Amino acid sequence: MGTMRAVVIEGAGGPDALTVAERPLPAKVNAEFLVKVVAAGVNPIDAKTRSGKGVAASLAYPAILGNEFSGIVVESPYEAHPIKPGDEVYGITPVPRSAGSYAEYVTASALHLTRKPAALSHVEAAGVPLAALTAWGMVVEIAKAHEGQRILIHAGAGGVGHFAVQFAQYFGAYVIATASTRNVGWLRELGAAEVVDHSVDRFEDAVSNVDVVIDLVGNTADETGTRSLRVLRPGGLLINAPTGSWPSLIDDAAAAGVRATTFKYTPDGSTLAVVSRLLQSGDVRVYVDQVFDLDDAAAAHTALETGHTRGKIVLKVCDG
Ligand SMILES: NC(=O)c1ccc[n+]([C@@H]2O[C@H](COP(=O)([O-])OP(=O)(O)OC[C@H]3O[C@@H](n4cnc5c(N)ncnc54)[C@H](OP(=O)(O)O)[C@@H]3O)[C@@H](O)[C@H]2O)c1
């Protein structure tokens, strides 16, 4: 069996726990693809897992972090499979995973990948799956974004948020987003009708009678989740993604006369193929804020953990 370069963690720690090492190639089983990774997306869940939180308890160390990838098929599940060696694909491995995508090769089932949109580079495509599938699930599948609906999206400038703003606008909703000063104009360009600068204003002073809150901050900062209950119309719905930040979410919502749910994305290649069409047509765009080499994964995590990434951070693994 051959080896590959990968970003490995031997145990929980800070960004410097991420080191590059030679690891065996991942074993392709049953109907999986073996994919040569050109670029891998970086997400808050990776940093949480690295530091021993999130899904870390289910990791077997040494572990390779990362779920998103864009790359080139090396081996297909079987000879007649329509996606062949040499084809460009992107996708997302399920969490938890001890042989993740911060590596030169990854395995993934056909359920978790699809063809890369030709209009996107591998670096752009690697930033799509986790954030876009999360935004799609919250905005399209749960909120059922539609004309006449008022949707408030917290952290509209982040990885998930910038897709959420675009999906909600695409399906005709009236979009209000929160962001800091430097991102206000950008979110308007992406389709937000109103942007509240959370570094200057309290959003509950500016926003009311909202049908749905896409809550990508929760109570991780400034009691954003709890304060959001006040801006919903009676019976409105809050959908919360940082699920660990607000244990009393359901009870608090009921007491306020509104509905609430947590949300967890599904690593679904079929839905990603739908998103691909919006990316290929240019109706939706991915914004990659910073690109780091595989060797600089620690710096990528340090940047992510500032909490102020615009769009996505991506690791470039090879030239493709
Ligand atoms: N449950 C799930 O399935 C799931 C899936 C994906 C993500 N998540 C969670 O959802 C959250 C967002 O993920 P992400 O990938 O979008 O993160 P991210 O890209 O790191 O988010 C960064 C953004 O957050 C904004 N922000 C920071 N503090 C804010 C505040 N107080 N109010 C409004 N915006 C604020 C920043 O904008 P400014 O610089 O303009 O402030 C920045 O653009 C994370 O907690 C992540 O773990 C959950």
Side-chain angles (χ1 to χ4, degrees), residues 44 131 134-140 142-243 245-246 248-263 284-285 287 289 306-312:
T134 304
W136 186 272
M138 297 175 87
V139 170
V140 183
I142 308 299
K144 299 183 171 46
H146 59 269
E147 225 165 287
Q149 189 184 38
R150 286 166 61 81
I151 300 186
L152 171 63
I153 300 170
H154 287 307
V160 179
H162 86 299
F163 285 116
V165 166
Q166 294 179 82
F167 292 152
Q169 191 269 348
Y170 180 84
F171 286 101
Y174 184 87
V175 179
I176 308 161
T178 59
S180 62
T181 313
R182 79 179 184 111
N183 288 318
V184 169
W186 181 62
L187 285 183
R188 283 186 174 280
E189 282 171 30
L190 288 187
E194 295 177 36
V195 183
V196 180
D197 183 341
H198 68 80
S199 64
V200 176
D201 298 314
R202 305 277 287 177
F203 63 84
E204 62 270 43
D205 295 337
V207 182
S208 61
N209 202 30
V210 162
D211 296 295
V212 177
V213 175
I214 303 296
D215 180 15
L216 301 171
V217 177
N219 282 344
T220 60
D222 302 329
E223 298 293 305
T224 297
T226 304
R227 286 161 52 213
S228 296
L229 298 176
R230 292 179 228 154
V231 308
L232 281 162
R233 65 162 170 78
L237 175 66
L238 183 142
I239 311 172
N240 171 270
T243 50
S245 72
W246 190 3
S248 58
L249 162 72
I250 302 299
D251 290 345
D252 292 354
V258 298
R259 295 171 295 144
T261 181
T262 55
F263 177 82
V284 169
R285 287 180 283 153
Y287 182 86
D289 193 6
T306 64
H308 292 287
T309 303
R310 175 189 280 187
K312 294 286 304 188

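In this text, all values refer to a predicted model and were calculated from it rather than measured experimentally. Hydrogens, waters and symmetry mates play no part in the numbers below; they use all other heavy atoms, side chains included.
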Does R310 form a side-chain contact (heavy atoms from CB on, under 4.5 Å) with N183? I'd like the steps, not just the answer. CA-CA 8 Å; R310 175 189 280 187; N183 288 318; 2.7 Å; yes
Do N209 and R150 pass the side-chain hydrogen bond (donor to acceptor under 3.5 Å, both in side chains) test, and can you show the C-alpha distance, the side-chain angles, and the key distance before you say yes or no? CA-CA 8 Å; N209 202 30; R150 286 166 61 81; over 6 Å; no
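Annotation: side chain to side chain donor-acceptor pair (under 3.5 Å) contacts of T262 (sequence neighbours excluded): none. Evaluation of the salt bridge (Lys or Arg N to Asp or Glu O under 4.0 Å) rule for R182 yields no partner, not counting sequence neighbours. Contacts of S208 classified as side chain to side chain contact (heavy atoms under 4.5 Å, CB included), with partners at least two apart in sequence or in another chain: none. Partners of E204 according to the salt bridge (Lys or Arg N to Asp or Glu O under 4.0 Å) rule, which considers only residues two or more places apart in sequence or in another chain, are R202, R227, R230. The side chain to side chain contact (heavy atoms under 4.5 Å, CB included) search around A241 returns M138, L216, not counting sequence neighbours. Applying the side chain to side chain contact (heavy atoms under 4.5 Å, CB included) criterion to E194, with sequence neighbours excluded, gives Y174, I176. With sequence neighbours left out, the ring pair (Phe, Tyr, Trp, His ring centres under 6.0 Å) criterion links W246 to no other residue. Partners of A135 according to the side chain to side chain contact (heavy atoms under 4.5 Å, CB included) rule, which considers only residues two or more places apart in sequence or in another chain, are V160, F163, A164, F167. Residues passing the ring pair (Phe, Tyr, Trp, His ring centres under 6.0 Å) test with Y170: none are found, sequence neighbours excluded.
Residue pairs meeting the side-chain hydrogen bond (donor to acceptor under 3.5 Å, both in side chains) criterion with at least one partner in residues 154-167, sequence neighbours excluded, are H154-T178, H154-S228. Applying the ring pair (Phe, Tyr, Trp, His ring centres under 6.0 Å) definition to pairs two or more places apart or across chains, none involves residues 205-236.
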I'd like a table of donor-acceptor pairs (distance under 3.5 Å, sequence neighbours excluded) in which one partner is a side-chain atom from residues 232-239, with atom names and distances.
residue : atom : partner : partner atom : Å
R233    : NE   : D211    : OD1          : 2.6

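For CZ of R285, the number of neighbouring non-hydrogen atoms (other residues, nucleotides, ligands) closer than 6.0 Å is 12 at most.
Among all heavy-atom pairs drawn from R188 and A193, the shortest one is NH1-O, 3.0 Å. The two residues T306 and T309 have their closest heavy-atom pair at OG1-N, 4.4 Å. The minimum heavy-atom distance between A157 and L187, with the atom names listed, is N-CD1, 3.8 Å. Shortest non-hydrogen contact noted between A168 and I151 is CB-CD1, 4.1 Å. Taking each heavy atom of G218 and S245 in turn, the nearest pair found is CA-OG, 3.7 Å. Contact detail for T181 and S199: the closest heavy-atom pair is OG1-OG, 3.3 Å.
In this structure, D215 contributes its side chain and V217 its backbone to a donor-acceptor pair below 3.5 Å. Listed for the N219 side chain is a donor-acceptor partner under 3.5 Å among the backbone atoms of G225.
Using a 30° and 60° split on the angle between ring planes, H308 and H198 fall in the parallel class, below 30°.
Remark: the T226 side chain and the D252 side chain contain no N/O donor-acceptor pair separated by less than 3.5 Å.
You'll find the side chain of V195 stays beyond 4.5 Å of the side chain of D197, heavy atoms only.
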